[in-house]
Amino acid sequence: MVSNHSHRQVQEQGIIQYIEERLPVDGLRELAEKKKVPLHKHSIWYYLGGIAAMLLGVQFLTGILLMVYYVPEINSAHASILKLNSQINFGWFVRSLHSWGANLLILALFVHMFSAYFMKAYRKPRELTWWSGLLLMVICLAFGFTGYLLPWDEVSFFATKIGLDIAEKMPVLGHMVSYMLRGGDSITQATISRFFVIHVAILPVLLVGLLGGHLFLVQVHGISEPESFKKLPPEKKSYEKFFPTFFFKDILVWVLAINVLFGLTTLCPWGLGPEADPFAAAPIGIKPEWYFLAPFQFLKLIPPMVGPIEGELFGILLMSVVGVVFVAVPFFDNGTSKSYAKTATIFGWLILAGLIGFSIWGALS
Ligand code: HEM
């Protein structure tokens, strides 16, 4: 007679065989067994990409639920969010999860981006991982910008107006892009329609494709090792298996992040201001979301004219140059020159200090 234990083993074998005959899981299993994570004092930063991926999952799930009630129509958008907040069971909760989730996601992405930068993970052969990551960052910021307008309250309306007015000043494409996004010269129904479609259809498609590429590249190249770790003799280097060791730690970190998210969601539920009135004057001291505050504050400090160039245009050009160097850093710092490596690190610290400094200044002023 077959014991219960061996009966279960036979059943498990059967299931595994069934899957293996239909899906090429062998390669995946091999990959999972081979993948390893370097252990050193900076290993903690390896969790950030995973946290971002988990938070993205939360955004997709809560976003789909929000779409059930949200009405992308100028006379109903605000009322539909008000109804969600006050009449629909757990509506406030789902909306608050989505709003706080977006903020935590962008925060996690900034930390992920700078930790990859300072660990010099952009160097050969990971240039494409770096650039796909930067595009993901732009997409997530675009999610934030387009989503912010949708509740159609006073702050969201005027913050969007300021953002589009700044975009308008960009050289060459500025006017065309902001005109297309608005659907004209002012923010109207056409703008809500465009922002809604961009937010719920165009950006998700771009994001899913690009994220697939990003994660594929991470598997192809394995996790990068910081210079100080690479230099160690082999007997001093230690690793842990990705599966199951690091994977289970990843899940533990996700649980912690979800606790932070649920704490914020329930203790500080996301509010809703009065309905936007496009004909009213902008409330005094209106500011964009915290992740756009640094460029906003920087532009405010520039005088109206810098020589023959308009101040805002000058500021935008200056920030664009800094941005281009940040994007192109794998070309300058490719691991062959110590002085370039040092310069890249100092440049990174300056950008980080600038972002934090101007954001705090913008928040306080
Ligand atoms: C939706 C956004 C993103 C998700 C879900 C994501 C996810 C991940 C994951 C899971 C990893 C592997 C684990 C880790 O090193 O953290 C990773 C690695 C990496 N990511 Fe991202 N990422 C995103 C955006 C970005 C951004 C904005 C950048 C920077 C421009 C970036 C650059 C990199 C680099 C260079 C690596 C390789 C790190 C290494 O090998 O040490 N990623 N990403």
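Counting starts at 1 for both ligands and their atoms, following the listed order. By convention here, the first residue in the shown sequence is residue 1. Below, each value reflects all heavy atoms present in this structure, side chains not excepted, and no hydrogens, waters or symmetry copies.
Set against the non-hydrogen atoms of M137, the atoms of ligand 1 under 4.0 Å away are 27 (C). Distances below 4.0 Å separate heavy atoms of R126 from the following atoms of ligand 1: 40 (O). Close approach of ligand 1 to G222 is summarised as follows: ligand atoms under 4.0 Å from at least one heavy atom of the residue are 40 (O). Under a 4.0 Å criterion applied to the non-hydrogen atoms of W130, ligand 1 contributes the atoms 29 (C), 30 (C).
With hydrogens left out, the protein atom closest to atom 41 (O) of ligand 1 is S224 OG, 2.7 Å, a heavy atom. Nearest protein heavy-atom neighbour of atom 3 (C) of ligand 1: L109 CD2, 3.6 Å. For atom 1 (C) of ligand 1, the nearest protein heavy atom (residue, atom name, distance) is L56 CD1, 3.5 Å.
Annotation: side chain to side chain contact (heavy atoms under 4.5 Å, CB included) contacts of E275 (sequence neighbours excluded): H78, W152. Residues forming a side-chain hydrogen bond (donor to acceptor under 3.5 Å, both in side chains) with E30 (at least two apart in sequence, or on another chain): none. Among residues two or more places apart in sequence or in another chain, the side chain to side chain contact (heavy atoms under 4.5 Å, CB included) test is passed with K41 by none.
Less than 6.0 angstrom separates the ring centroid of F229 from the ring centroid of Y239. Taking the six-membered ring where the residue is Trp, the centroids of F93 and F262 are separated by under 6.0 Å. Taking the centre of each ring, H175 and Y179 come in below the 6.0 Å mark. Aromatic rings from F358 and F298 are positioned such that their centres are separated by under 6.0 Å.
The proximity of L207 to ligand 1, defined as any non-hydrogen pair under 4.0 Å, does not occur for either the backbone or the side chain.
Geometrically, ligand 1 and Y46 share a nitrogen or oxygen pair separated by less than 3.5 Å.
Protein nitrogen, oxygen and sulfur atoms, that is N, O or S, within less than 2.8 Å of atom 21 (Fe) of ligand 1 amount to 2.
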